[in-house]
Structures are given as structure tokens and as C-alpha cells.
Participant: 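The structure's right below; bear with me while I get my questions together.
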Amino acid sequence: GGYDGAGTHLCGAVRAAVRRMLTAHVARLFNARGAGQLLRTLETASETPYIIWSDAILRELVAFVEREIAADRDLPLSAPLSDADSYVASDLNGELVVGGVYLRVYNSQPEFELEDPSAFCAALLDFLRDQVFSSAWKHSSGSDMRTCEDDNDAPASTLRALANLCSSNQMVAPAFDSPKRVSGLLAFCCASRGAEALDLALSAAQACAAHASAVVAMAACDECAGVLLLLRQSTKHFEAVVALSLVLTQDPKFVYQCIVHGGLLHILYLFVADSIFEAETRLEWPQHSRALAGELLCKLAADAVHGAHVSSIVCRLMPEIFLSTLAEDPVGTVRVFDTDHRNPELIWSAPMRAQLRSTLAELSNNALTTHAPHAQHATNGDDAARSVGNGMHSLPSAAVSSAEPSSEAAFPSDDGILPQPGASTECENKCRVADIPQGFSPPPIDYAELANELCVGGVYLRLFAAQPEWQLRHPQRVLSAILAAFSQLLQRRADDDAFAPLCTALLILLRSTPTLAGHVAALGFVGTVLAPVSSGSGANPKLRQFCVKAARLLALSAECRKKMLAADCIRPMLETIRTSPGLCVDAAGALTNMMESSDLVQKAISAQAVPTLLDLASKSTGEADDAAACKASIVAVLKKMVADRRCGETVRAM
């Protein structure tokens with residue numbers, strides 16, 4: 001056989017015969033120096049994952065060899081080495097061997113230290129793939145795989161061994177070197193019809209997914225789409241499927257599969273549904289299962305590459321606040337979903353819930369019908385057929401290259417605005433993401449209750465104006481959205497009615513949370529807010545009034561005062577005091593707050609503010625009832641300028 005130290009030429013037939021009769025593990029001992037270890041092994045009864053040996057097996061082997069020798073002696077060449085190919089000891093008949101390991105023994109001794117865990121893992125995965133994608137179990141003596149075609153326990157033994165191996169050994173990562181290798185495991189999950197078989201398959205898949213390389217391989221595998229169907233097809237295994245999916249969300253490819261193969265719609269449906277149909281029977285869908293679906297939905301939306309697409313689709317169908325609160329409290333979010341609300345951040349009622357549930361049930365059922373045949377096809381064809389016929393399943397080949405969303409997809413940099421379903425979006429506060437492939441983004445739901453509501457940054461402005469004391473969850477994000485919408489309306493030169501709700505909301509925010517003024521400066525919107533004042537009589541009167549009030553509040557912030565240095569802010573305020581008596585108090589108040597900055601005091605001196613204010617104070621300003629307040633406000637500006645440490649003496653001299 002050409003074993004080490006034998007001094008003979010290599011003979012593959014001899015080696016194959018020895019391997020069949022003595023098993024691969026014992027055959028390797030022929031390469032050891034000396035025959036001591038080999039003889040001790042043959043003389044000792046043992047049962048390990050690598051060797052099952054006993055006196056009965058030895059006697060049966062000796063009898064077989066003696067028969068072959070006798071036959072060859074009686075008729076030369078009548079007992080070729082190939083006779084050994086069919087030899088199996090009676091005690092080993094029915095034992096499943098994969099990668100040179102007896103699976104029954106290994107499953108009873110999972111802590112056994114293997115020589116090469118990665119190679120054994122690869123052998124298990126390849127064996128399972130051969131089983132799923134072949135009409136009969138493949139037999140390969142060269143790969144040390146043996147089994148009985150009628151052995152119904154083989155899949156269970158293979159899956160148990162895979163689960164035991166991946167759960168207890170960190171050295172298996174190199175085995176998950178390609179999507180093809182894990183395709184059999186995922187396809188087996190989809191093809192399993194018995195509850196016990198699916199339990200084993202999902203347990204094995206979860207154990208594999210504990211390794212990062214396996215997550216990458218699974219997410220890139222076509223058969224992964226079939227796992228998503230289990231969310232609807234096998235509700236008894238829902239928790240196990242969700243647990244596996246939560247791990248797979250670490251890879252953006254899995255998130256993309258959820259979008260294009262309907263998995264996202266199934267998850268949404270299982271989050272909102274209070275009951276589901278199974279075997280034509282309506283069953284109550286428990287809250288903890290809905291919370292699990294919500295947790296998975298939240299993980300999809302948090303993906304760095306495709307999360308924006310997920311959020312965009314979700315917000316076409318239901319209020320965005322549900323997606324926001326899922327990250328904090330999935331069970332609490334389910335309770336909120338099931339109750340009625342009418343506040344600045346959520347308008348929700350029983351008819352809206354019913355409409356959403358009905359829509360998602362239809363969308364999920366359609367996705368199930370569309371993608372199930374393709375997933376089933378993936379478990380039946382050979383590798384060549386799958387590579388040609390599957391692709392992206394329902395996507396035409398021309399769409400594969402262009403369908404995947406761009407990794408640059410993101411929310412607007414300054415606000416993260418999400419569109420609210422059914423709400424008016426006159427301010428164009430829509431999520432700017434790359435185009436979602438056609439057919440994978442459902443049309444938005446038009447809720448009758450939201451037909452006349454303007455929603456910006458997740459807040460219904462009409463209700464916010466009616467409930468100004470409401471504590472917003474994300475005031476900075478709302479402020480960013482309002483400012484972005486305000487800027488867009490200025491560019492469009494919209495009328496006063498379009499500005500009114502935005503202006504009211506902005507003033508409420510600045511009054512209730514003064515620290516938000518610094519956020520306005522950080523976003524670079526101070527000049528935008530002051531622009532209508534600077535345009536003088538050309539601005540809409542109501543808009544100008546709002547901007548003066550907003551400037552007074554912004555001037556309380558040191559960050560905003562720094563931004564005002566670069567804007568024309570002094571002269572417009574003086575002109576407002578002179579020409580608009582009704583805005584005198586607010587304009588003078590804005591100037592008073594600006595004078596907290598010595599640089600702005602210097603700018604006011606350069607703008608001839610002192611003589612102008614003195615002149616205005618000496619005249620009758622406004623109506624009789626307001627004249628005293630106006631003059632007091634003007635005097636307050638002068639006093640603040642005089643009190644300035646750097647320029648106070650100059651002002652006093654003037």
C-alpha cells in the first residue's frame with residue numbers, strides 16, 4: 001500500500017481495501033512508526049467517535065480475509081481487492097459514518113476531542129447538502145462517508161452532530177467558507193415537514209450561526225429566503241425562526257433578502273396581528289410572539305446598509321413611533337398598538353388597526369404565494385439548476401444588478417424625517433433614500449383619520465399646537481424637521497397659511513425647551529429664520545411677525561448670537577421697531593438679548609442703533625395702551641448696551 005516506512009510503492013486499491021475493512025482511523029495507524037500502536041488498537045475493544053472495535057468484529061474480519069485467501073488459492077484472481085468495497089462488519093451495519101466519525105457515538109460523547117473539527121463540520125454540511133439536493137443518498141468511499149439508504153435516522157443524527165459540534169467547538173469557522181456549503185442546512189429547514197425534524201434543523205442552524213463566518217455564508221445563500229417563509233408557514237417554530245433571524249440580521253444581505261422576498265411583510269403582519277389562521281383555524285396570536293416579531297423588525301430597521309429602506313416601508317404602513325419604541329420596550333409597544341391614542345405624536349384608533357391588519361394580511365399572503373414556489377424549487381433542483389433557475393427567485397435577471405439598494409441610502413442628514421402614512425406632506429418631509437426596487441415597496445395606507453393632518457418629524461402639528469405642554473420623545477429631531485420644512489417653504493415662497501403650523505410649533509419648542517436654540521445654530525438655520533425680517537416689507541406680515549418672535553428666543557443662546565454676527569440682524573430689528581408698532585416689544589426684546597454679546601454691541605454701534613433708538617424712544621410709538629411698553633423695551637436695549645464692559649463707555653458717551 002506504500003505506507004510510511006514500508007518500502008513499497010503507493011497502491012490506492014490496497015489502501016481503499018484496508019480503509020473499508022479496518023475503518024479510516026485504524027488504517028491511518030499503518031503510517032505510524034512501528035506496529036505497536038496498530039496491534040494494541042486491534043487487540044483492544046473500544047467505542048469512540050473514530051473507532052468501534054470488539055473481539056466479534058475482529059473474528060468476523062479474520063473470517064472474511066481467510067475466505068478471500070482460500071478463494072484466491074483455489075482459483076487465482078477470483079478474490080480481487082474490490083471485494084472489500086462491500087464489506088461491513090455485522091456490528092457496524094447501520095452505523096452512519098461522516099468524515100470518518102461515527103455519528104451515533106459522537107452524539108453520545110459530544111465532548112470528545114476531535115482531530116480536525118473544521119473538516120468534520122465541512123463533511124457534515126456536505127453530507128446534508130447531498131441528501132437534500134439528490135434523489136438518493138450519495139455513497140463515496142473516497143470521502144469516508146457511509147450510510148444505509150433506508151436509514152431514516154441519518155438526517156437526525158447528522159443534525160444533532162452538527163448542533164453538538166458547533167455549540168462546543170470554536171474551531172469550526174473555516175468550514176463555513178461558502179454559501180453553497182450551508183445551502184443544504186437551510187434547505188433542509190425549509191423542506192422539513194415533521195415538527196421534530198424542523199426542531200433539529202433549526203437548532204443546528206442556530207448553533208452554526210453562533211460563528212460569524214456561518215452568518216456571512218447563510219445570509220448570502222439563496223435558500224435563506226425559504227427560512228423567511230417559515231415565519232408564516234410554521235408558527236409552532238416561530239420563536240426558533242426569529243432567534244435564527246435575529247442573528248442573521250448581523251449581515252446586510254439577510255436584511256436585503258427580507259425586503260425582496262417578503263420577509264419584512266411577514267414580520268410586520270405577525271407584529272400587528274391579534275389572531276392568525278393555521279390549518280384553516282383562527283388562533284389567538286399571543287403578545288409575546290408579537291413582541292418577538294417587533295424585536296426582529298427593530299433589528300432590521302437598525303441595519304446600517306438597508307435600515308433606511310426598512311424604515312421607509314414600515315412608515316408607509318403605520319406610524320413611525322411604533323418602530324421607535326420597539327427598541328426600548330417591545331411588549332409595551334404591543335400594548336400601545338392595541339389601544340387608542342390621540343396626541344401630538346400618535347393618532348391611532350380601532351378602525352386604523354383593522355385597516356392595517358387587513359392590508360398586511362393581504363400583502364403577507366401575496367408574498368407567501370409569490371415566493372413559496374421559488375423557495376421549494378431551491379430544495380429540489382441540483383446545483384446547476386439552482387444557479388440558473390433561482391438567482392434572486394422572483395427577480396428577473398436584468399433586475400438583479402440594479403435592485404439592491406445603495407449602501408449610501410440614509411435619512412436627511414439634519415433631521416431623519418420619516419413620512420407618516422396618510423398624513424399630508426406638503427412640506428415634502430419625506431425620507432430621501434435610494435429607490436427601492438419596484439414591487440418591493442407597498443403603496444402607503446391612506447387612513448381617513450389622518451387626511452387633514454400635517455405631520456412633520458413624527459409630530460402632528462395641529463395637535464401639538466393644541467397641546468403645547470406635551471413632552472416630545474425626540475424634540476431635537478422634530479426641531480430639525482420643522483426647520484428643514486421651513487427652509488423648503490421659503491424657497492417655494494409659500495403663503496402665510498403654509499407657514500402657520502410650522503411657525504407655531506417652532507415657537508412652542510423654543511419656549512418650552514430653550515436649550516434647543518443651540519441646536520438651531522448647530523444646524524445653520526439662524527440666518528434662515530432671520531431672512532424674512534431682513535427682507536423688510538417684502539416679507540409676509542405674519543411670517544415676519546413669527547421670525548421676530550423666534551429671533552427674540554434664539555438670541556438667548558450664545559451659539560445663536562455668534563451666528564447672528566454673520567447675518568444682517570441689527571438694522572432689520574430697528575426698522576421693525578420703527579415701522580411695525582405691534583412688533584416693537586418683540587423686536588426690542590430681540591435686540592436686548594443680542595446685546596449680551598459685546599461683538600453684537602459693536603455691530604449695533606456701527607449700525608447707528610443708539611441714535612435711532614433714542615429717536616424712537618422720544619416719539620410716541622404704537623397705540624396708547626402699548627406706547628409705554630414699547631418705550632420701556634427700547635430703554636432696556638440702551639441700558640443693556642451701556643452695561644457692556646467693552647463698549648459701554650462708548651454708548652454712554654453717545
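Since the structure is predicted, the reported quantities are computational estimates derived from the model, not experimental observations. Below, all heavy atoms of this structure are taken into account, side chains as well, without hydrogens, waters or symmetry copies.
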Participant: Is there side-chain contact between N343 and Y460, with heavy atoms separated by less than 4.5 Å?
Facilitator: no
Participant: Using modelled atom types only, decide if a donor and an acceptor are shared between the side chain of T158 and the backbone of A154 within a distance under 3.5 Å.
Facilitator: yes
Participant: So, S183 side chain and K180 main chain: donor-acceptor pair closer than 3.5 Å or not?
Facilitator: yes
Participant: Check the pair V227 / C190 against side-chain contact (heavy atoms from CB on, under 4.5 Å), numbers first and verdict last.
Facilitator: CA-CA 6 Å; V227 176; C190 306; 4.3 Å; yes
Participant: In the structure I gave you, are the side-chain heavy atoms of L231 and V242 within less than 4.5 Å of one another anywhere?
Facilitator: yes
Participant: Ignoring hydrogens and angles, tell me if any N or O in the side chain of D340 forms a donor-acceptor pair with the backbone of A350 under 3.5 Å.
Facilitator: yes
Participant: Quick check: closest heavy atoms across M218 and C208, and the distance to 0.1 Å?
Facilitator: CE-CB, 3.7 Å
Participant: Hey, does the side chain of H211 reach the backbone of C166 with a donor-acceptor pair shorter than 3.5 angstrom?
Facilitator: yes
Participant: For residues L502 and F546, determine if any side-chain heavy atom of one lies less than 4.5 Å from a side-chain heavy atom of the other.
Facilitator: no
Participant: When you measure from the side chain of Q257 to the backbone N and O of C221, does any donor-acceptor pair fall under 3.5 Å?
Facilitator: yes
Participant: Using distance alone, with no hydrogens and no angle criterion, decide if S364 and R232 have a side-chain donor and acceptor under 3.5 Å apart.
Facilitator: yes
Participant: Is there a donor-acceptor contact under 3.5 Å from the side chain of D251 to the main chain of A220?
Facilitator: no
Participant: Would the distance check show the side chain of D495 and the main-chain N or O of A498 forming a donor-acceptor pair, the cut-off being under 3.5 Å?
Facilitator: yes
Participant: Side-chain contact, heavy-atom cut-off 4.5 Å: F322 with V314?
Facilitator: no
Participant: Classify the angle between the aromatic ring planes of F337 and W348 as parallel (below 30°), tilted (30 to 60°) or perpendicular (above 60°).
Facilitator: tilted
Participant: Using a 3.5 Å distance criterion without hydrogens, assess whether the side chain of T333 forms a donor-acceptor pair with backbone atoms of T325.
Facilitator: yes
Participant: Using a strict threshold of under 4.0 Å (side-chain N to carboxylate O), is an ion pair present between D126 and R129?
Facilitator: yes
Participant: To the nearest 0.5 angstrom, please state how far the SG atom of C298 sits from the CG atom of L323.
Facilitator: 6.0 Å
Participant: Do other residues, nucleotides or ligands put more than 12 heavy atoms under 6.0 Å from the CD atom of Q467?
Facilitator: yes
Participant: For side-chain contact (heavy atoms from CB on, under 4.5 Å), just list the numbers for L246 and E295, CA-CA rounded to whole Å, side-chain angles, deciding distance to a tenth of an Å, and then say yes or no.
Facilitator: CA-CA 8 Å; L246 284 171; E295 185 180 353; 4.1 Å; yes
Participant: Output the distance between atom SG (C315) and atom CD1 (I445), rounded to the nearest 0.5 Å.
Facilitator: 12.0 Å
Participant: May I ask you to test the L185-L159 pair for a side-chain heavy-atom distance under 4.5 Å?
Facilitator: yes
Participant: With the threshold set at 4.0 Å, does a side-chain nitrogen-carboxylate oxygen contact exist between R160 and E196?
Facilitator: yes
Participant: Might you point out which heavy atoms bring A505 and L461 nearest each other, and give the distance in Å?
Facilitator: CB-CD2, 4.0 Å
Participant: Once rounded to the nearest 0.5 Å, what's the spacing between atom CG of L265 and atom CD1 of I259?
Facilitator: 10.5 Å
Participant: So, are D274 and R357 salt-bridged, with charged N and O less than 4.0 Å apart?
Facilitator: yes
Participant: Just how far is it from atom CG of L300 to atom NE2 of H306, taken to the nearest 0.5 Å?
Facilitator: 11.0 Å
Participant: Before giving the answer on side-chain contact (heavy atoms from CB on, under 4.5 Å), spell out for L483 and L506 the whole-Å C-alpha distance, their side-chain angles and the decisive distance to 0.1 Å.
Facilitator: CA-CA 8 Å; L483 291 171; L506 181 54; 4.1 Å; yes
Participant: Look at the side chain of Y269 and the backbone N and O of E362, then say whether any donor-acceptor pair between them is shorter than 3.5 Å.
Facilitator: no
Participant: If I compare all heavy atoms of L165 with all of L124, which pair ends up nearest, and what's the gap?
Facilitator: CD2-CD1, 4.2 Å
Participant: Quick one: pull up SG in C121 and CE in M171 and give me the separation to the nearest 0.5 Å.
Facilitator: 12.5 Å
Participant: To the closest 0.5 Å, what do you measure between CG (L472) and CG (L509)?
Facilitator: 6.0 Å
Participant: Would you say L297 and L264 make side-chain contact, with heavy atoms under 4.5 Å?
Facilitator: yes
Participant: Using side-chain heavy atoms (C-beta onward) and a distance below 4.5 Å, is L198 in contact with L230?
Facilitator: yes
Participant: At their closest point, which heavy atom of L292 faces which heavy atom of E239, and how far apart are they?
Facilitator: CD1-CG, 3.5 Å
Participant: To check you understand the geometry: which heavy-atom pair defines the closest contact between I321 and L346, and what is its length?
Facilitator: CG2-CD1, 3.8 Å
Participant: Search all heavy atoms of W285 against all heavy atoms of A273 and return the closest pair with its distance.
Facilitator: CD1-O, 3.4 Å
Participant: So S289 and L270, do their side chains get closer than 4.5 Å, heavy atoms only?
Facilitator: no
Participant: With a sphere of 6.0 Å drawn around CD of E328, does it hold more than 12 non-hydrogen atoms of other residues, nucleotides or ligands?
Facilitator: yes
Participant: Checking side-chain contact (heavy atoms from CB on, under 4.5 Å) for the pair R290/D338: CA distance, chi angles, key distance, verdict?
Facilitator: CA-CA 11 Å; R290 295 172 61 189; D338 288 341; 2.9 Å; yes
Participant: Under 3.5 Å, side chain of S358 to main-chain N/O of A354, donor-acceptor pair present?
Facilitator: no
